[in-house]
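Numbering of ligands and ligand atoms starts at 1, following listing order.
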Amino acid sequence: MKRIAICPGSFDPITNGHLDIIERAAPIFDEIIVAVLNNSSKQPLFSVKERMELISEVTEHLPHIKVDSFDGLLVDYAAEVGANAIVRGLRAVSDFEYEMQVASINKKMNDQIETLFMMTNNQYSFLSSSIVKEAAKYGASVAGLVPPVVEEALRHKYSKGELK
Ligand code: PNS
């Protein structure tokens, strides 16, 4: 059986913390699908297409990576693409409560799909897409927090006067 894992998220935009998890999960599975949630109730900075393009660029060096988007329930999407695992990064204890709730309901909805947690590398334990956007919006450097191509994309967005 092919071991397929999904790394799901909003990725608005992808950070070095996300990339670290994807890079570490990649050798464990035959295929990784990085799946961007297409959530119409949120007002993202980057469109789903832009987010997928950025992810594709920064994961180019990894074999067996597919970039996709989904809406609706993650477990339904996982079943549709034949994935048997969901990989999520945990930055701190504060992430655990919410992640455990989601993993539990996902397990209840489809017990064929396992959720695996990986500890985020210590150097990224404070990092989130929201923090990165906040810093970039006010002109602070986000070098080392996101890949250079994402840094450039953020600069471009905010130079156009985006307020998100
Ligand atoms: O990067 P994020 O925003 O922390 O990612 C959250 C995500 C996309 C993994 C989560 O919100 C999700 O799976 N959403 C799809 C709807 C769903 O299945 N919710 C959980 C069970 S109700």
Worksheet item: Which residue and non-hydrogen atom of the protein lie closest to atom 1 (O) of ligand 1, and at what distance in Å?
Response: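 Ranking protein heavy atoms by distance from atom 1 (O) of ligand 1, first comes S10 N, 2.9 Å.
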Worksheet item: What is the nearest protein non-hydrogen atom to atom 4 (O) of ligand 1, stated with its residue, atom name and distance?
Response: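 The closest heavy atom on the protein side is R88 NH2, 3.0 Å.
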Considering the heavy atoms of [X], write down every atom of ligand 1 situated less than 4.0 Å from one of them.
X: N106; answer: 20 (C), 21 (C)
X: L73; answer: 17 (C), 18 (O)
X: G9; answer: 1 (O), 5 (O), 8 (C)
X: L37; answer: 8 (C), 14 (N), 15 (C)
X: I105; answer: 21 (C)

If you draw a 6.0 Å radius around [atom1] in [X], do more than 12 non-hydrogen atoms from other residues or ligands fall strictly inside?
X: F126; atom1: CZ; answer: yes
X: I131; atom1: CD1; answer: no
X: H156; atom1: NE2; answer: no

Fill in: Heavy atom of G72, distance to ligand 1 below 4.0 Å
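Within the 4.0 Å threshold, so yes.
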Discussion item. To the closest 0.5 Å, what do you measure between NZ (K66) and CD1 (I4)?
Written reply: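 These two atoms lie 7.5 Å from each other.
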Item to complete: Might you work through the salt bridge (charged side-chain N to carboxylate O under 4.0 Å, His left out) test for K107 and E114, ending with a clear yes or no?
Response: CA-CA 7 Å; K107 185 85 182 156; E114 293 293 343; 2.8 Å; yes
Worksheet entry | Flag: protein heavy atom within less than 4.0 Å of atom 12 (C) of ligand 1 |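 When distances to the protein are checked, atom 12 (C) of ligand 1 has no heavy atom within 4.0 Å.
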Worksheet item: Can you check whether L62's main-chain N or O pairs, donor with acceptor, with T59's side chain at less than 3.5 Å?
Response: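 Absent.
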Worksheet item: Do you reckon F29 sits in the same ILVMFWY cluster as F117, going by side-chain contacts under 4.5 Å, direct or chained?
Response: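 No; F117 is not reachable from F29 via cluster members.
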Worksheet item: Under a 4.0 Å heavy-atom limit, does L74 contact ligand 1 with its side chain, its backbone, both, or neither?
Response: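 Both backbone and side chain.
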